[in-house]
Amino acid sequence: MSHHTILGIDIGGSGIKGAPVDLKKGKLSGERMRIDTPADATPDAVVDVVEQIVEAFTDEVGKDSPIGITVPGVIHHGVVTSAANIDKAWIDTDADALFTKRLGRSVHVVNDADAAGVAEMHYGAGKGKKGVVLLTTLGTGIGSALILDGHLLPNTELGHLEIDGHDAESRAASSVKEREGLSWEEWAERLQRYYSHVEALLSPDLIIVGGGISKKADKFLPLLDLRAQIVAAELRNQAGIIGAAWYAKNVG
Ligand code: BGC
């Protein structure tokens, strides 16, 4: 066990994933554990799953090390204030206090896309990049992390921009591609509309595309026509876990 190894846990709309992270390398230092997100993903139900994951890794990370946990919602000083893709009971839950009490150790809670953004900036596609970098995660919803010269502006929630009268993620998330059976070309049209709008608002220098679907980036990124450079996340869907661990260690 090394003090560079911190447990990161990523709570998503479909799975709750955890793994010890080697923060020197920015890599998982052991097998990842994944448990389906409970159908009723209330804070209590989710804390039960998180506890199982923590127990499974206690030998590896020790009993006292801090833990980083992502939540797919706005996190304001540890309190969850939005819940688009998770049970509404999360709203106004002090997640930091809830996890800290249950797990009996220091916990840092962060928005899932913000965690992924920070991880990509430190260890992945954004490493060393100056200027405006936007990371988006395409999954159950659309998450965003906005970074200027390496500094994150948290909770930007650009998946909820209203575009053509729709909540953007309800048209362009990868879950929508699956649900509506869209081809890569059809989905890319929606992504084009989304990213052009975001580009008009923020003029990012670099857009990093994360989420599980980024494994197949070659199927859709070449179909997009943007001024900004747009690339796949290098840490793929491990970015949330790695960023959560980074937060626990560095922001605590
Ligand atoms: C939530 C964000 C989250 C994103 C990705 C959105 O619906 O509002 O907080 O980052 O989904 O999970």
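In listed order, ligands and their atoms are each counted from 1. Heavy-atom basis, side chains included; hydrogens, waters and symmetry copies ignored.
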Query raised in the report: Does His160, backbone or side chain, put an N or O under 3.5 Å from an N or O of ligand 1?
Result: yes
Requested in this report: For atom 5 (C) of ligand 1, find the nearest protein heavy atom and state the residue, atom name and distance (0.1 Å precision).
Outcome: Asp112 OD2, 3.4 Å
**Report entry** Numbering as shown, the atoms of ligand 1 that approach Asn85 to under 4.0 Å (heavy-atom distance)
**Finding:** 6 (C), 7 (O), 11 (O)
Query raised in the report: What atoms of ligand 1 come closer than 4.0 angstrom to any heavy atom of Gly73?
Result: 9 (O)
Query raised in the report: Any non-hydrogen atom of Asp114 lying under 4.0 Å from ligand 1?
Result: no
Query raised in the report: Does Gly139 have a non-hydrogen atom less than 4.0 Å from ligand 1?
Result: no
Query - For atom 1 (C) of ligand 1, closest protein heavy-atom neighbour - result: Glu157 OE1, 3.5 Å
Requested in this report: Output yes when the distance from some N or O of ligand 1 to some N or O of Ser82 is under 3.5 Å, and no in every other case.
Outcome: no
Query - Atom of Pro154, atom of Leu152 and distance for their closest heavy-atom approach - result: CD-O, 3.5 Å
Report task. Could you tell me whether Arg102 and Asp48 make a salt bridge, using a distance below 4.0 angstrom between a side-chain N and a carboxylate O? Result -> yes
**Report entry** Residue Gly143 vicinity, atoms of ligand 1 by number, heavy atom under 4.0 Å
**Finding:** 4 (C), 5 (C), 10 (O)
Query raised in the report: Can you tell me the protein heavy atom closest to atom 7 (O) of ligand 1 and the distance?
Result: Glu169 OE1, 2.8 Å
Report task. May I ask you to decide whether Arg34 forms a salt bridge with Asp36, counting only side-chain N to carboxylate O separations under 4.0 Å? Result -> yes
Query - NZ/Lys24: more than 12 non-hydrogen atoms of other groups inside 6.0 Å - result: no
Report task. Would you tell me whether Glu178 and Ser175 have side-chain atoms, one donor and one acceptor, within less than 3.5 Å of each other? Result -> no
Query raised in the report: Passes side-chain hydrogen bond (donor to acceptor under 3.5 Å, both in side chains), Ser144 versus Thr136? Steps please.
Result: CA-CA 4 Å; Ser144 63; Thr136 55; over 6 Å; no
Query raised in the report: Are any of the side-chain nitrogens in Asp205 or Lys129 under 4.0 Å away from the carboxylate oxygens of its partner?
Result: no
Requested in this report: Evaluate whether atom CD of Glu31 has more than 12 neighbouring non-hydrogen atoms of other residues, nucleotides or ligands under 6.0 angstrom away.
Outcome: no
Query raised in the report: Under 3.5 Å, N or O to N or O, is Asn111 touching ligand 1 that way?
Result: yes
